[in-house]
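All of these numbers come straight from a predicted model, not from anything done at the bench.
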Amino acid sequence: MDDAIAKMTKTILVVDDHPDIRSFISAALEAAGYQVRTAEDGVQALVRQREHPADLLITDIFMPEQDGFETISRCRAEFPRT
């Protein structure tokens, strides 16, 4: 399988409370051939992860509701392969 096809099967969940940053990161990753989903905070990220687990999580650290450290910790506990 070539790299382009392998990337298309990979999903990345981008978590950031700033819409412009989410959009910028998402656009860059999609242009590189990845499937991207987004969430505006850690709580929403875990909901989305439970619905359709992503292969990789990229998160902001300083967010309302649930910070990035807690989001990573919870994600690791529920989805150790992410």
Side-chain angles (χ1 to χ4, degrees):
M1 182 182 309
D2 71 18
D3 288 337
I5 293 172
K7 285 181 186 178
M8 289 302 294
T9 62
K10 300 296 182 188
T11 303
I12 300 173
L13 178 57
V14 175
V15 187
D16 199 298
D17 56 323
H18 293 96
D20 293 339
I21 294 173
R22 270 195 324 268
S23 179
F24 176 77
I25 293 171
S26 296
L29 292 169
E30 287 171 348
Y34 294 98
Q35 294 177 356
V36 179
R37 290 181 298 120
T38 63
E40 60 189 46
D41 61 44
V43 173
Q44 187 181 64
L46 289 174
V47 169
R48 300 220 174 170
Q49 185 69 356
R50 289 178 189 123
E51 292 170 350
H52 301 284
D55 298 297
L56 177 69
L57 173 75
I58 298 175
T59 184
D60 184 10
I61 296 300
F62 302 106
M63 297 181 292
E65 301 299 318
Q66 179 176 291
D67 69 26
F69 293 118
E70 186 175 351
T71 301
I72 292 166
S73 177
R74 289 183 180 201
C75 189
R76 280 185 172 174
E78 284 189 55
F79 305 94
R81 298 190 76 195
T82 297

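- Note: the hydrophobic cluster containing I21 also contains Y34 (ILVMFWY, side chain heavy atoms under 4.5 Å, direct or indirect links).
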Next item on the list: Would you sort out whether T11 and H52 count as a side chain to side chain contact (heavy atoms under 4.5 Å, CB included), showing the intermediate values?
Entry: CA-CA 9 Å; T11 303; H52 301 284; over 6 Å; no

Next item on the list: With side chain to side chain contact (heavy atoms under 4.5 Å, CB included) as the test, would you mind laying out the steps for L57 and T71 before giving the verdict?
Entry: CA-CA 10 Å; L57 173 75; T71 301; 4.3 Å; yes

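- Cluster membership check: F69 does not share its hydrophobic cluster with V43, using side-chain heavy-atom separations under 4.5 Å among Ile, Leu, Val, Met, Phe, Trp and Tyr.
- For the pair D41 and D17, the minimum side-chain heavy-atom distance is 4.5 Å or more.
- In this structure, CG in D55 is found 9.0 Å from CZ in R81, a value given to the nearest 0.5 Å.
- Side-chain atoms of Q35 and L29, non-hydrogen and from C-beta on, never get closer than 4.5 Å to each other.
- Across all non-hydrogen atoms, the minimal contact from A54 to I12 is CB-C, 4.3 Å.
- Hydrophobic cluster membership is shared by V14 and L56, with clusters built from Ile, Leu, Val, Met, Phe, Trp and Tyr side chains linked at under 4.5 angstrom.
- The distance from the CD atom of E40 to the NE2 atom of H18 is 12.0 Å, given to the nearest 0.5 Å.
- R74 is linked by a salt bridge (Lys or Arg N to Asp or Glu O under 4.0 Å) to E70, counting only residues two or more places apart in sequence or in another chain.
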Note to self: Show, in sequence, the C-alpha distance, side-chain angles and deciding distance for E78 and Q49, and conclude whether the side chain to side chain contact (heavy atoms under 4.5 Å, CB included) test is met.
What the structure shows: CA-CA 9 Å; E78 284 189 55; Q49 185 69 356; over 6 Å; no

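- For the pair D60/V15, no side-chain contact is recorded, criterion being any heavy-atom separation below 4.5 Å from C-beta on.
- Under the 4.5 Å side-chain criterion, counting only non-hydrogen atoms from C-beta, T82 is not in contact with L13.
- In this structure, R48 contributes its side chain and T38 its backbone to a donor-acceptor pair below 3.5 Å.
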